[in-house]
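To start, the structure itself, in structure tokens.
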Amino acid sequence: MILILTQDARPGIPEFEQLMGHLSNLPGISTRIHTEKGAEQVLTEIYLIGNTQALDIEDMKRLPCVESVVRVSEEYRVLGRHKEDHRPTHFEYNGVRFGQDNLNIFAGLCAVDNPEHVEIMMKALSQNGQTCTRMGAYKPRTSPYSFQGHGAKCLPYVFELAGKYGLKVIAMEITHESHMEEITDALEKTGNPTGVMLQIGTRNTQNFELLKIVGRQSRFPVLLKRGFGITLDESLNAAEYLASEGNRKVVFGLRGMKTNMGDPHRNFVDFAHVPVVRRLTRMPVCIDPSHSVGLRARGPEGIQDIMHVTAQGILAGANMVLVDFHPVPSKALVDGPQALTLDELPYFLEDVRIAREAYDARCRLAASFTSTI
Ligand code: PEP
Ligand code: MN
């Protein structure tokens, strides 16, 4: 059960202490306080853990400082959508809104290779009105002999260039807690010119110790990629690990499933799950068409499969698109064959705009149609 408190409720005021005193006397119930600092207000929630079945919602609503009460099911307690659950489905980070009601594009390099390519990429993004990007510094690779990413070495120039071109959020995968420290350090040393969304890759979706460590910090939001060989429920529970430790600024990423059934695509595209994740949870949903499709093939009409699946995800309500671009794909150190080129960037963004407009039209149509079922 979650008690959502009134805006002015905070530890120290008599009503709050009175409430906590009452809760501490409930048999078999422990509490966990969660505070969420938004732009204008601080939202405090109290999680009641234990035998909450015996508690009456109306009784709890009458307690001091309590604005509303949500009875949560066992599943996805923090990030789930529960009955009569009016908690937000969005968050803000570094001036950018991430929500189930909007769309952000993260076009960029799969892996940082050199400062020249980073700058060319970022300049193109800024010329096309973009404020977010993807830049991999730590790359988990199948072979130990493949390029593993430049790591901490490249962070200063990546962050400085992001500041120069007005980029607010960089999605960057980490595979170890030390990477989070290196990112924090480099941001401090460069004067915080940009923000970072920590990405947990598909190979680490169930790295529970990493999830707990990333969940315990609230500075960076997190993009959690779905595990490529586990059920959706297992991946949603992985997201819940982050939130249960305190960080609920989580975006859930669909990136395709590993199976030969998806051939000739690199992974079997799973964007049909966009509405499922939005229905079951309050997380914005990201799609990664590049790692799903993995090649630059086109349909007979001339549209690339990567663009087709991007449109499919957006038509189904996706809130973020993570997509690989490269100034010279043949020279990319990682995933060149799936990278779009910079002259395709305005075309890609226009295709995205058309798909989002169609999604909005579909929502209006749905709202005008009252189902009898
Ligand atoms: C990536 O986004 O660069 C990546 C490696 O993704 P995934 O974890 O989905 O394979
Ligand atoms: Mn990649």
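All ligand and atom numbering here is 1-based and tracks the order in the structure.
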Fill in: Expected output: side-chain T52 to main-chain L48 donor-acceptor under 3.5 Å
no
Worksheet entry | Donor-acceptor contact present, side-chain T194 to main-chain A162, <3.5 Å | no
Practice prompt. Might you list the protein residues in contact with ligand 1, defined as having a heavy atom under 4.0 Å from one of its atoms, sorted by chain and number?
Written response: C110, R134, K139, E173, Q199, G201, T202, R203, K225, R255, D288, H291
Fill in: Residues in ring-ring contact (aromatic ring centres under 6.0 Å, His included) contact with H179, at least two apart in sequence or another chain
Y138
Worksheet item: Using the benzene-type ring in the case of Trp, are the ring centres of F220 and Y93 under 6.0 Å apart?
Response: no
Item to complete: Check whether NZ of the Lys or CZ of the Arg K123 lies under 6.0 Å from the centre of the six-membered ring of Y165 and within 45 degrees of that ring's axis.
Response: no
Worksheet item: At their closest point, which heavy atom of H150 faces which heavy atom of D113, and how far apart are they?
Response: NE2-O, 2.7 Å
Worksheet item: Taking atom types as modelled and ignoring hydrogens, do the side chains of R81 and Q100 form a donor-acceptor contact shorter than 3.5 angstrom?
Response: yes
Practice prompt. Please note down the angle at the Mn ion (ligand 2) between NE2 of H291 and SG of C110, to the nearest 10°.
Written response: 130°
Discussion item. Suppose we only allow N, O or S atoms; which atom of D335 ends up nearest to the Mn ion (ligand 2)?
Written reply: OD2
